Number of protein chains: 2
Amino acid sequence: MGKPTNVTNSIRALRFANGEMTQAELGGRVGVTRQTIIAIEQGRYSPSLEMAFQIARVFQVPLDDVFQYPDTEE
Amino acid sequence: MGKPTNVTNSIRALRFANGEMTQAELGGRVGVTRQTIIAIEQGRYSPSLEMAFQIARVFQVPLDDVFQYPDTEE
DNA sequence: ACATCATGTCAAGTGTTCTTAACATCCACT
DNA sequence: AGTGGATGTTAAGAACACTTGACATGATGT
């Protein structure tokens with residue numbers, strides 16, 4: 001299983017809070033594919049810093065509202 | 001040559017503001033090599049989201065204090 | 001029953017991030 | 001002059017982010 005990233009996110013909640021935006025539409029807005037959004041939303045890996053900024057910008061919230069980094073790390 | 005990233009950062013200033021911390025020491029604290037810190041500090045590429053969080057944590061500032069993403073992107 | 005849409009999965013490939021190791025320069029110290 | 005610390009550079013490769021395309025499922029609508 002590799003290590004499925006330490007970063008968590010609130011993308012799914014933000015999508016629904018923003019007019020039921022679909023994964024495909026979010027992908028289109030930030031310039032990545034649908035599959036990439038799915039993988040990030042599920043925490044399979046964490047996005048690049050640039051993509052993180054772009055996603056936060058789509059929802060018009062600060063980056064910390066979208067992504068959280070837990071205190072403890074193994 | 002790829003594209004030297006759109007994200008800018010204030011790592012160098014933060015290092016000096018925190019007791020003249022060296023690149024090697026910062027690298028050690030976030031668990032990456034000295035060369036990686038140099039490359040990021042120079043904007044050769046942007047770090048992963050996880051590393052960005054870790055760096056911000058070392059300096060005890062929010063992520064946006066370390067990394068900036070310009071409004072316009074081509 | 002059939003079509004469509006949103007979500008999810010898989011595999012193979014491309015590109016970027018990060019590592020290791022070696023070498024070079026500048027500065028401070030002795 | 002010689003030593004050592006901090007920074008910078010390069011090159012080869014490993015690890016991870018992201019793409020493309022194809023197929024599967026459940027929900028909704030006709």
Side-chain angles (χ1 to χ4, degrees), chain A residues 1-59 63-70 72-74, chain B residues 1-59 63-70 72-74:
Chain A
M1 23 177 135
K3 57 160 163 161
T5 210
N6 291 305
V7 179
T8 62
N9 69 82
S10 312
I11 295 179
R12 184 170 285 264
L14 285 162
R15 280 197 299 112
F16 282 96
N18 281 60
E20 312 270 329
M21 184 186 301
T22 69
Q23 294 172 329
E25 165 146 2
L26 176 56
R29 295 252 228 137
V30 306
V32 297
T33 63
R34 187 173 67 82
Q35 287 88 330
T36 299
I37 299 296
I38 293 174
I40 292 172
E41 208 170 281
Q42 294 177 341
R44 282 221 289 270
Y45 50 72
S46 48
S48 68
L49 185 55
E50 293 204 49
M51 192 190 302
F53 271 119
Q54 285 169 7
I55 292 175
R57 188 155 293 175
V58 165
F59 294 126
L63 206 153
D64 302 300
D65 274 20
V66 187
F67 299 97
Q68 300 84 35
Y69 190 66
T72 59
E73 149 188 350
E74 162 278 353
Chain B
M1 12 235 108
K3 45 154 136 138
T5 210
N6 292 305
V7 180
T8 61
N9 69 82
S10 313
I11 295 180
R12 183 170 285 263
L14 285 163
R15 279 198 299 113
F16 283 96
N18 280 60
E20 311 270 331
M21 185 186 300
T22 70
Q23 294 172 330
E25 165 145 2
L26 176 56
R29 295 251 228 136
V30 305
V32 298
T33 63
R34 187 173 67 82
Q35 287 88 331
T36 299
I37 298 296
I38 294 175
I40 292 172
E41 207 170 281
Q42 294 176 343
R44 283 221 290 270
Y45 51 72
S46 49
S48 68
L49 184 56
E50 293 205 49
M51 191 189 303
F53 271 118
Q54 285 169 8
I55 292 175
R57 187 155 292 175
V58 165
F59 295 127
L63 206 153
D64 302 299
D65 273 20
V66 187
F67 299 97
Q68 300 84 34
Y69 190 64
T72 58
E73 152 190 349
E74 174 263 349

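These numbers come from a predicted model, not from an experiment. A note on names: the letters A, B, ... follow the listed sequences, proteins ahead of strands, and every chain is numbered from 1.
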What's touching nucleotides 12-15 of chain C from the protein side, N or O pairs under 3.5 Å?
none

Let me know the distance between [atom1] of [X] and [atom2] of [N], rounded to the nearest Å.
X       : N      : atom1 : atom2 : result
B:Gln54 : C:dC18 : CD    : C1'   : 13 Å
A:Glu20 : C:dC5  : CD    : P     : 17 Å
B:Ile40 : C:dT16 : CD1   : P     : 16 Å
A:Leu49 : D:dA17 : CG    : P     : 13 Å
B:Glu41 : D:dT9  : CD    : C1'   : 15 Å
B:Tyr45 : D:dT9  : OH    : C1'   : 13 Å
A:Glu50 : D:dA17 : CD    : C1'   : 12 Å
A:Met51 : C:dT17 : CE    : P     : 11 Å

Residues touching DNA chain D, which here means a heavy atom under 4.0 Å, drawn from residues 25-38 of chain B: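 Close to the strand are B:Arg34, B:Gln35, B:Ile38.
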With a 4.0 Å heavy-atom cut-off, tell me which residues in residues 8-16 of chain A come close to DNA chain D, sorted by residue number.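 Contacts with DNA chain D under 4.0 Å: none.
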Where at least one partner belongs to residues 27-36 of chain B, residue pairs that pass side-chain hydrogen bond (donor to acceptor under 3.5 Å, both in side chains), sequence neighbours excluded: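 For residues 27-36 of chain B: B:Thr33-B:Thr36.
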Using the side-chain hydrogen bond (donor to acceptor under 3.5 Å, both in side chains) rule, collect all pairs that involve residues 8-20 of chain B, keeping only residues at least two apart or in two chains.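 Sorted result for residues 8-20 of chain B: B:Thr8-B:Gln68, B:Ser10-B:Gln68, B:Arg12-B:Glu41, B:Arg15-B:Glu41.
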Can you see which heavy atom on [X] is nearest to which on [Y], and at what distance?
X       : Y       : result
B:Ile40 : B:Pro47 : CD1-CB, 3.5 Å
B:Leu49 : A:Ala52 : CD1-CB, 3.9 Å
A:Arg57 : B:Tyr69 : NH2-O, 3.0 Å
B:Asn6  : B:Pro70 : O-CD, 3.2 Å
A:Val30 : A:Gln54 : O-OE1, 2.9 Å

If an axis is fit to five pairs at each end of the helix from C:dA1-D:dT30 to C:dT30-D:dA1, what is the angle between the two, to the nearest 10°?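 Answer rounded to 10°: the end axes differ by 30°.
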Measuring from atom [atom1] of [X] to atom [atom2] of [Y], what distance do you get when rounded to the nearest 0.5 angstrom?
X       : Y       : atom1 : atom2 : value
A:Met51 : B:Ser46 : CE    : OG    : 10.5 Å
B:Leu26 : B:Ile37 : CG    : CD1   : 4.0 Å
A:Ile38 : A:Gln23 : CD1   : CD    : 4.5 Å
A:Phe53 : B:Asp64 : CZ    : CG    : 5.5 Å

[N] phosphate, OP1 or OP2, under 4.0 Å from [X] side-chain N/O:
X       : N      : value
B:Gln42 : D:dT9  : yes
B:Ser48 : D:dC16 : no
A:Thr22 : C:dC5  : no

What's the closest nucleotide to the side chain of A:Ser46 if the choices are D:dA17, D:dT10, D:dA6?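 Closest nucleotide to the A:Ser46 side chain: D:dA17.
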With side chain to side chain contact (heavy atoms under 4.5 Å, CB included) as the criterion, how do A:Arg44 and A:Thr5 come out once you've worked through the C-alpha distance, each side chain's angles and the decisive distance to 0.1 Å? CA-CA 7 Å; A:Arg44 282 221 289 270; A:Thr5 210; over 6 Å; no
For B:Phe67, ring-ring contact (aromatic ring centres under 6.0 Å, His included) partners two or more places apart: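 B:Phe67 satisfies ring-ring contact (aromatic ring centres under 6.0 Å, His included) with no other residue.
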When you compare the side chain of B:Met21 with that of B:Phe59, does any pair of heavy atoms fall below 4.5 Å?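 The answer is yes, as the side chains (C-beta and beyond) meet within the 4.5 Å cut-off.
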Table of protein N/O atoms under 3.5 Å from nucleotides 26-29 of chain C N/O atoms:
none

